[in-house]
Undergrad: 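The structure follows.
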Amino acid sequence: MLRRHRPLRSALIAVVLSTTAVLGMPATASAAGTCTAYETITQGKYYVNNNLWGQANGNGWQCAWDTYQSGNTIGWGTSWDWTSNPGQNSSVKSYTSSVLGWHWGWRTQNTQLPTQLSANRPVQSSWNFNVTQNNVNTLNVAYDLWLHDIPNPDWQDQPTDEVMIWLYTAGGAGPVGSRVATLNIGGASWDLYQGDIGWRVHSFVRTSNTTSANLNLADFTNALVNRGSIANSKYLSSVQAGTEVFNGRGQLDTNSYSVTVG
């Protein structure tokens with residue numbers, strides 16, 4: 001799941017803007033939206049990142065927009081249409097997502113991050129969403145947590161660990177690495193996969209899909225600490241939530257999303 005930042009091919013933009021009238025950004029005066037790779041939309045302490053890090057492995061487009069912000073809670077959405085280059089069906093094309101905290105640098109304030117795992121601060125999150133598949137999609141809807149071994153990472157500081165929490169999966173999407181355990185966390189069952197792509201990746205895949213979650217994300221990092229997979233001296237620097245799309249045409253609508261640290 002290496003995130004490679006590449007510019008969006010300009011030839012796609014005109015196609016995308018015409019397509020969003022049918023599938024994509026809602027036509028409301030209050031909504032901000034983008035179909036440009038890596039462009040962001042600020043929503044208070046969060047921002048939506050149109051993160052098309054794997055677009056070189058396929059052909060297509062993706063747009064993102066905000067719908068509202070009310071205190072700590074936001075709504076946003078993304079639509080896409082991706083096909084794969086030969087041999088790249090299993091490659092992620094995008095992870096358009098809401099970002100709280102670090103993502104190769106910082107964009108917003110008052111995130112309450114980083115926080116050291118040993119402090120055992122709760123990271124409470126609620127997420128309600130809908131997935132629309134206009135054809136057969138291969139995708140997940142997942143949290144992505146980033147960890148560092150320093151308290152003040154900046155753009156040049158690579159993470160040591162990535163913790164993914166898959167709430168929803170379709171089309172045979174699978175995580176990095178091998179399954180090492182099945183754990184019960186937050187009232188649900190999760191298969192834990194672990195692998196290494198230059199940093200360690202720990203993926204909790206829910207054994208049954210859900211489109212609504214109310215979780216203490218610290219329960220997942222604590223589970224890894226208890227298993228000896230992560231040192232509690234590490235710092236949680238980022239909480240992200242979005243969809244990794246491998247193939248297909250569809251839409252993710254986040255009806256409500258919030259994260260509270262501490």
Side-chain angles (χ1 to χ4, degrees), residues 1-6 8 35 37-40 46-64 76-85 87-100 103-104 125 127 129-146 159 161-179 190-207 209-211 213 215 217 220 238-254 257:
M1 298 177 196
L2 293 169
R3 275 103 178 128
R4 298 296 188 213
H5 286 203
R6 302 176 187 267
L8 183 68
C35 300
Y38 311 113
E39 194 161 293
T40 63
Y46 313 95
Y47 65 92
V48 175
N49 180 16
N50 199 30
N51 185 357
L52 312 188
W53 66 269
Q55 64 182 353
N57 295 318
N59 291 282
W61 57 264
Q62 189 148 356
C63 297
W76 64 277
T78 179
S79 61
W80 60 84
D81 191 353
W82 290 108
T83 58
S84 293
N85 293 338
Q88 298 296 327
N89 281 336
S90 61
S91 297
V92 174
K93 310 306 182 293
S94 62
Y95 182 64
T96 297
S97 52
S98 171
V99 179
L100 177 70
H103 185 81
W104 279 265
S125 180
W127 190 7
F129 59 87
N130 298 109
V131 178
T132 302
Q133 298 187 54
N134 296 88
N135 57 14
V136 177
N137 279 241
T138 303
L139 60 82
N140 67 43
V141 181
Y143 289 97
D144 203 6
L145 315 182
W146 295 97
D161 296 86
E162 179 180 11
V163 180
M164 298 202 75
I165 304 168
W166 292 33
L167 302 178
Y168 182 101
T169 182
V176 168
S178 302
R179 185 167 66 88
W190 310 81
D191 288 331
L192 172 60
Y193 291 77
Q194 292 182 308
D196 196 302
I197 56 170
W199 54 74
R200 291 176 294 277
V201 182
H202 318 266
S203 300
F204 294 87
V205 180
R206 204 176 192 274
T207 56
N209 280 346
T210 187
T211 58
L215 298 168
L217 303 180
F220 295 86
S238 181
V239 176
Q240 304 183 21
T243 177
E244 287 187 317
V245 181
F246 296 71
N247 299 287
R249 182 171 186 261
Q251 184 162 314
L252 171 69
D253 290 292
T254 289
Y257 174 76

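Atom set for the values below is all heavy atoms of this structure, side chains included, hydrogens, waters and symmetry mates excluded.
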Undergrad: Search all heavy atoms of Asn137 against all heavy atoms of Arg249 and return the closest pair with its distance.
TA: ND2-O, 3.0 Å

Undergrad: Mind listing the closest non-hydrogen atom pair of Trp190 and Phe204 along with its distance?
TA: CE3-O, 3.8 Å

Undergrad: Considering only heavy atoms from C-beta outward, does the side chain of Phe220 approach that of His202 to under 4.5 Å?
TA: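 No; the side chains remain at least 4.5 Å from each other.
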
Undergrad: Using distance alone, with no hydrogens and no angle criterion, decide if Asn50 and Glu39 have a side-chain donor and acceptor under 3.5 Å apart.
TA: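 On atom types as modelled, these side chains do not qualify, holding no pair under 3.5 Å.
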
Undergrad: Look at the rings of Trp104 and Trp199 and say which category their plane angle falls in: under 30° parallel, 30 to 60° tilted, over 60° perpendicular.
TA: tilted

Undergrad: Roughly how far apart are Gln55 CD and Asn85 CG, rounded to 0.5 Å?
TA: 11.0 Å

Undergrad: Which pair of heavy atoms, one from Ala142 and one from Tyr95, lies closest together, and at what distance?
TA: O-OH, 2.8 Å

Undergrad: Which value, rounded to the nearest 0.5 Å, describes the distance between Ser94 atom OG and Asn57 atom CG?
TA: 11.5 Å

Undergrad: Just so I know, are the side chains of Val205 and Pro175 near enough to count as touching, which here means a heavy-atom distance under 4.5 Å?
TA: yes

Undergrad: Give, for atom CG of Asn209 and atom CG of Leu167, the distance between the pair rounded to the nearest 0.5 Å.
TA: 9.0 Å

Undergrad: Would you say Tyr193 and Met164 make side-chain contact, with heavy atoms under 4.5 Å?
TA: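 When only atoms from C-beta onward are counted, Met164 and Tyr193 do not touch, as no gap falls below 4.5 Å.
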
Undergrad: In Å, rounded to the nearest 0.5 Å, how long is the span from CD of Gln251 to OG1 of Thr78?
TA: 8.0 Å

Undergrad: Do His103 and Asn51 have side chains that get closer than 4.5 Å, going by heavy atoms?
TA: yes

Undergrad: Measuring from atom CG of Asn247 to atom OG of Ser84, what distance do you get when rounded to the nearest 0.5 angstrom?
TA: 3.0 Å

Undergrad: How far apart are the closest heavy atoms of Leu252 and Gly242, and which atoms are they?
TA: CD2-C, 4.3 Å

Undergrad: Yes or no on ring pair (Phe, Tyr, Trp, His ring centres under 6.0 Å) for Tyr46 and Trp76, after CA distance, side-chain angles and deciding distance?
TA: CA-CA 11 Å; Tyr46 313 95; Trp76 64 277; over 10 Å; no

Undergrad: Do Tyr257 and Ser125 have side-chain heavy atoms sitting under 4.5 Å apart?
TA: yes

Undergrad: Check the pair Gln240 / Tyr143 against side chain to side chain contact (heavy atoms under 4.5 Å, CB included), numbers first and verdict last.
TA: CA-CA 5 Å; Gln240 304 183 21; Tyr143 289 97; over 6 Å; no

Undergrad: Using modelled atom types and a 3.5 Å cut-off, is there a donor and acceptor pairing between side-chain atoms of Asp253 and backbone atoms of Asn130?
TA: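 Between the backbone of Asn130 and the side chain of Asp253 there is no qualifying donor-acceptor contact (under 3.5 Å).
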
Undergrad: Determine yes or no for a side-chain-to-main-chain donor-acceptor pair under 3.5 angstrom, with Lys93 supplying the side chain and Gly54 the backbone.
TA: no

Undergrad: Can you give me the closest heavy-atom contact between Phe129 and Thr254, atom names plus distance?
TA: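 Looking at all heavy atoms of both residues, the closest pair is CB-CA, 4.1 Å.
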
Undergrad: Do Thr96 and Leu52 have side chains that get closer than 4.5 Å, going by heavy atoms?
TA: yes

Undergrad: Once you round to the nearest 0.5 Å, how far does CD1 of Ile165 lie from CG of Leu145?
TA: 4.5 Å

Undergrad: I need the minimum non-hydrogen distance between Tyr168 and Thr210, along with the two atoms involved.
TA: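 Minimum heavy-atom contact is CB-O, 3.8 Å.
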
